[in-house]
Structures are given as C-alpha cells and as structure tokens.
S.K.: 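Structure in structure tokens, see below.
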There are 2 protein chains.
Amino acid sequence: MLGKTKRDRQAERREATQAEIIDAAWDMTREVGLAQITLRGVADRVGMRAPSLYTHFDSKNAIYDAMFGQAWTECLAHFESVKAQAPAGAREALRFAAHTFFDFAVKDLARHQLMNLRTIPGFSPSEENYAPAVATLDLARELFFSNGITDPEDLDLYTALIGGLVDAQHANDPGGDRWARLLDRAVDMYADHLDLP
Amino acid sequence: MLGKTKRDRQAERREATQAEIIDAAWDMTREVGLAQITLRGVADRVGMRAPSLYTHFDSKNAIYDAMFGQAWTECLAHFESVKAQAPAGAREALRFAAHTFFDFAVKDLARHQLMNLRTIPGFSPSEENYAPAVATLDLARELFFSNGITDPEDLDLYTALIGGLVDAQHANDPGGDRWARLLDRAVDMYADHLDLP
DNA sequence: GCTGTACTTCTAACTATGTTAGGAAAAACT
DNA sequence: AGTTTTTCCTAACATAGTTAGAAGTACAGC
C-alpha cells in the first residue's frame, strides 16, 4: 500500500537543504564566532555559492532567525525531556530549573549569545521563531504555578536573577565558575524571599 | 609671565580633534545605533574623509574603545559625585547604589550597550580603557566594605542581580518599567539574605 | 624670512561582504 | 515531449573598513 498522503519530495528536499544550511551556519559559528559567519563561508560548506542561499533564505538575518528558532526549540525539548525529573519541593524545583537553564546556556556560548543576548546588529527574531522561546517561558510559568507561585512579578524577578548570573558568568569569567557557584545561593535567597519551604 | 611649561599646541590640537571625533561618533550612535556607525559617517560630521581618522585612531574598534573608556569615566565621575549623598544604613546604601547604577544604565541605552553588553562583534576594551570600569567597581567594593559586607562573593551576587534586572529591562521591555519596578524588591531580598538591618 | 621636518589630511584604490539581476540547468508536471 | 517551476550559477553592485602614497600645513631652527 502507498502512503496515505503522497510524499512531497520537493518540499522534503527543500527542507533538508535548509537544515543543511543552518547546520553549516552553526559549524562556521563554532569556528569563527556568531557574528563572523559569512554567506560565502556557509555556502562553501554546503557546496554552493553565496547567492544560491537566497533561494532558501531571504537574507543573512533570516538564517540567524532560523538558528534562533532551532536553538530555542532545542531548549524547549530539553526542558520537556527533564521535566519529569523535577523534584517535589518548591525550593528544589526552582533550583532544578535554574541549573537546567544555566547549564544549557553555558554549554554552548555561541548558542546562548544568539538566544539571550542582543548581539547581532540589526537582528531580531521573527514572531514565528520567537514562539519556542515563549513556550519555554510558559513551561517555567507552569512550574511556578504548580508550586504555588502565581504572581507574574515573581517570575520576572527569578528570570532576571538567573539571567543575571548567566550573563555575568559569560561576560566576566567565561569558562570559569565564579558566578556558576553562586547559583544555589541565589535560588535559596529567592526562595527565602518568597517564604518557600 | 609665561606658563611654566611651554604649551604643546600640537598635542593640544591632536587631543581636541580626537575628542571631536568621539563626540561625532556618539552623535551618530544616537542617530543610527551603536553598531551602525560608519567611519565615513563619523568623518563627515567632523569635516573629514574616512581615511583621515586613521591619523587619530588605529581602527574603528579603537574608536569604540575610546568611547568605552569615556562612558565608564563618566559613570565613575557620576558615582563619585553622588557618593556623598549615600544614606547611612546598609540596606539604604545598597538601594541607593542600585538606583544610581540602574538609572545611569537606562538613561542612555547605546552607552549601556557599549559599557555592559558584548554587542560589538570583535570589540573588547583595552586594559587602559577598562581601568575606569574597574575603578567604578572598586567604588562599589568600598561602599560594601564600609557597610560591613566583605565577602567578594556577596558583591558578585549583587552585581549579577542588579545587572540581570538592567539587562532584562533593556532586552524585554525597553523604555518600560517592568523590571525597573522590581529593583527595590530585589535589593530588599538581597539585604534580607545578608541579614542587613 | 626661509627651509626642512614632522604631522595632518587628502584621493585612489583594495578587499570583504551582503545582496540583486538575469540566465542556465535540473526537476516536476501535463 | 514540451512547458513550467525550482534551484543554482555567474556577473555585478553597494557599502564598509582599511592601506598606499601624494599633497598640504604647522612649526622649529637657521
């Protein structure tokens, strides 16, 4: 029997090519840095010439946009994959979430740069590729809710706190742990502030 | 009577020209954004052609470097000018410092971007122009010391906390106050954590 | 006052990069 | 088989930072 819906080989190949292009873009990013990738370099890695990339992406920023979406989709998937392992107590849950995010951010600096820092001049994510970032935050919101933390400002304070530690670590001691080791203390401070058990 | 040391008109003019150039660079920054300034644009504003700037600065990044130094020098001066107004209690002093820094950062986003965010690809400040940033942090360290907070980790946590709020405000709600209004709460949380009166 | 030296600015040009125009080749459809 | 659509190419443009080398300017010493 044939597949129910006839496969669209053309669309499949197109998607595969696009995936190949962003993979190549990540490759080059890890070699030369996020801002230093060039269309000619990316094209080389997939055996094309630069202008051909325009068949698949409207601009260089559109490539960044796709990378942004992919990174946050990964992040969302990661959070969902460890969601079940979240411990029971509110305090422990917040600590777990903090570590999950922090480790993910520190694991790949270029990725973190694209996801969380406004580092590419002129680039801002499209609505479409911003969606998984929103979804990830929703997941955090959910976790907070299920632990009785419902005030949006509480979550804002938490994200600023954890984000501040990540950024400080990234900017002032990359590869080290000067701020990483403050993470548990920070979460405890926050949990105490909310009178969590 | 003549001045004791003969004036070096050449050096004077040179410095004046350099100052004019960074002023023009700030001008253009405020019009088009920090990353979008061009040597030709800056040169135009001082009645020159782009290559002439190389008589005064080694590269575009050297101009950013000078701007960086100037911005932190301003910041240091600002901190020193309000230092005397710092209130007596430790908690109040921390709150005062937080507001001073936060307001300074939010007042000029481009400046904050250059001072605190790694936003210009390939640029990192020279030792020389990083000095006023270090001096500013020393001032904070001093304030902490004089309020009995001596553990370096305590200061690290504080800077990450305040920096996190600034960055969150800047990235997610520029011009608004979604994180700005959490500032006092954050400082109180921190002060409670350190058992400050 | 003239002249040589050092400094400043200029024009012309190079290189790298994102991007567009328009045509050839490949694939898909009828 | 012929037509259309899609993909990729070459050629070229515009903008940017930067370099080379000539022309102009300021000033010290004779």
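Just so it is clear: chains get the letters A, B, ... in the order the sequence lines come, proteins before strands, and each one is counted from 1.
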S.K.: Tell me whether Asp44(B) is salt-bridged to Arg49(B), with the criterion being a basic N under 4.0 Å from an acidic carboxylate O.
M.R.: no
S.K.: Identify whether any heavy atom of Leu53(A) sits under 4.0 Å from a base atom; if not, whether one sits that close to sugar-phosphate; answer base, sugar-phosphate or nothing.
M.R.: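 Result for Leu53(A) = nothing.
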S.K.: Starting at CZ of Phe57(B) and ending at P of dT19(D), how long is that distance when rounded to a whole Å?
M.R.: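 Taking CZ of Phe57(B) and P of dT19(D), I get 16 Å after rounding.
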S.K.: Could you give the CG-to-P distance, from Asp44(B) to dG17(D), as a whole number of Å?
M.R.: 12 Å
S.K.: At 4.0 Å (heavy atoms only), tell me whether Thr55(A) reaches a base, stays on the sugar-phosphate, or touches nothing.
M.R.: base
S.K.: Is Ser52(A) reaching over with its side chain to a backbone N or O of Met48(A), donor-acceptor style, under 3.5 angstrom?
M.R.: no
S.K.: In whole angstrom, what separates Leu39(B)'s CG from dT15(D)'s P?
M.R.: 15 Å
S.K.: May I ask you to evaluate whether Ser52(B) reaches the phosphate of dT8(C), defined as a side-chain N or O under 4.0 Å from OP1 or OP2?
M.R.: no
S.K.: Any chance the rings of Phe79(B) and Phe104(B) have centres within less than 6.0 Å?
M.R.: no
S.K.: Tell me the interatomic distance from Met48(B), atom CE, to dT11(C), atom P, rounded to whole angstroms.
M.R.: 13 Å
S.K.: Does a side-chain N or O from Arg40(B) land closer than 4.0 Å to OP1 or OP2 of dT18(D), or not?
M.R.: no
S.K.: Do the side chains of Arg178(B) and Asp156(A) get close enough for a salt bridge, i.e. N-O under 4.0 angstrom?
M.R.: yes
S.K.: Is Trp179(A) reachable from Leu117(B) through a run of I, L, V, M, F, W or Y residues, each pair having side-chain heavy atoms under 4.5 Å apart?
M.R.: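 Leu117(B) does not cluster with Trp179(A).
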S.K.: Take the protein atom NZ of Lys60(A) and the nucleotide atom P of dA16(C), then report the distance between them rounded to whole Å.
M.R.: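 The distance from NZ of Lys60(A) to P of dA16(C) comes to 15 Å, rounded to the nearest Å.
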S.K.: Tell me which of Ser59(A) and Tyr54(B) sits closer to the 5' end of DNA chain C, going by the nucleotide each one is nearest to.
M.R.: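 The answer here is Tyr54(B).
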S.K.: Is Glu20(A) salt-bridged to Arg13(A), cutoff N-O under 4.0 Å?
M.R.: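 Looking at Glu20(A) and Arg13(A), the cut-off is not met.
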S.K.: How many Å lie between CD1 on Ile120(A) and C1' on dG18(C), as a whole number?
M.R.: 14 Å
S.K.: Is the backbone of Ile37(B) close enough, under 3.5 Å, to the side chain of Lys60(B) for a donor and an acceptor to pair up by distance?
M.R.: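 Present.
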S.K.: Counting only side-chain nitrogens and oxygens, does His56(B) get under 4.0 Å of the OP1 or OP2 atom of dC7(C)?
M.R.: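 For dC7(C), neither OP1 nor OP2 has a side-chain N or O of His56(B) closer than 4.0 Å.
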S.K.: Under 4.0 Å, counting only non-hydrogen atoms across every strand here, what does Ile63(B) touch: a base, just sugar-phosphate, or nothing?
M.R.: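 Nothing: the residue Ile63(B), judged by heavy atoms under 4.0 Å, touches no strand.
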S.K.: With a 4.0 Å cutoff (strictly under), does any side-chain N or O of Arg13(B) reach OP1 or OP2 of dA26(D)?
M.R.: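 Checking Arg13(B) against dA26(D): no side-chain N or O falls below 4.0 Å of OP1 or OP2.
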S.K.: Return the value, rounded to whole Å, for the distance between atom CG of Asn61(A) and atom C1' of dT19(C).
M.R.: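 After rounding, the reported distance stands at 12 Å.
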S.K.: The helix from dG1(C)-dC30(D) to dT30(C)-dA1(D): angle between its terminal axes, five pairs each, to 10°?
M.R.: 10°
S.K.: What is the distance, to the nearest angstrom, from the CZ atom on Arg49(B) to the P atom on dT15(D)?
M.R.: 15 Å
S.K.: Just call it for Gly41(B): base, sugar-phosphate, or nothing, with non-hydrogen atoms closer than 4.0 Å on any strand.
M.R.: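 Nothing, no nucleic acid heavy atom in range.
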S.K.: For Arg14(B) and Pro51(B), take the nucleotide of DNA chain C holding the closest heavy atom to each; which residue's nucleotide lies nearer the 5' end?
M.R.: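 The residue whose closest nucleotide sits nearer the 5' end is Arg14(B).
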S.K.: Does the Asn129(B) side chain pair with the main chain of Pro125(B), one donor and one acceptor, at a distance under 3.5 Å?
M.R.: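 Side chain of Asn129(B) to backbone of Pro125(B): no pair is present.
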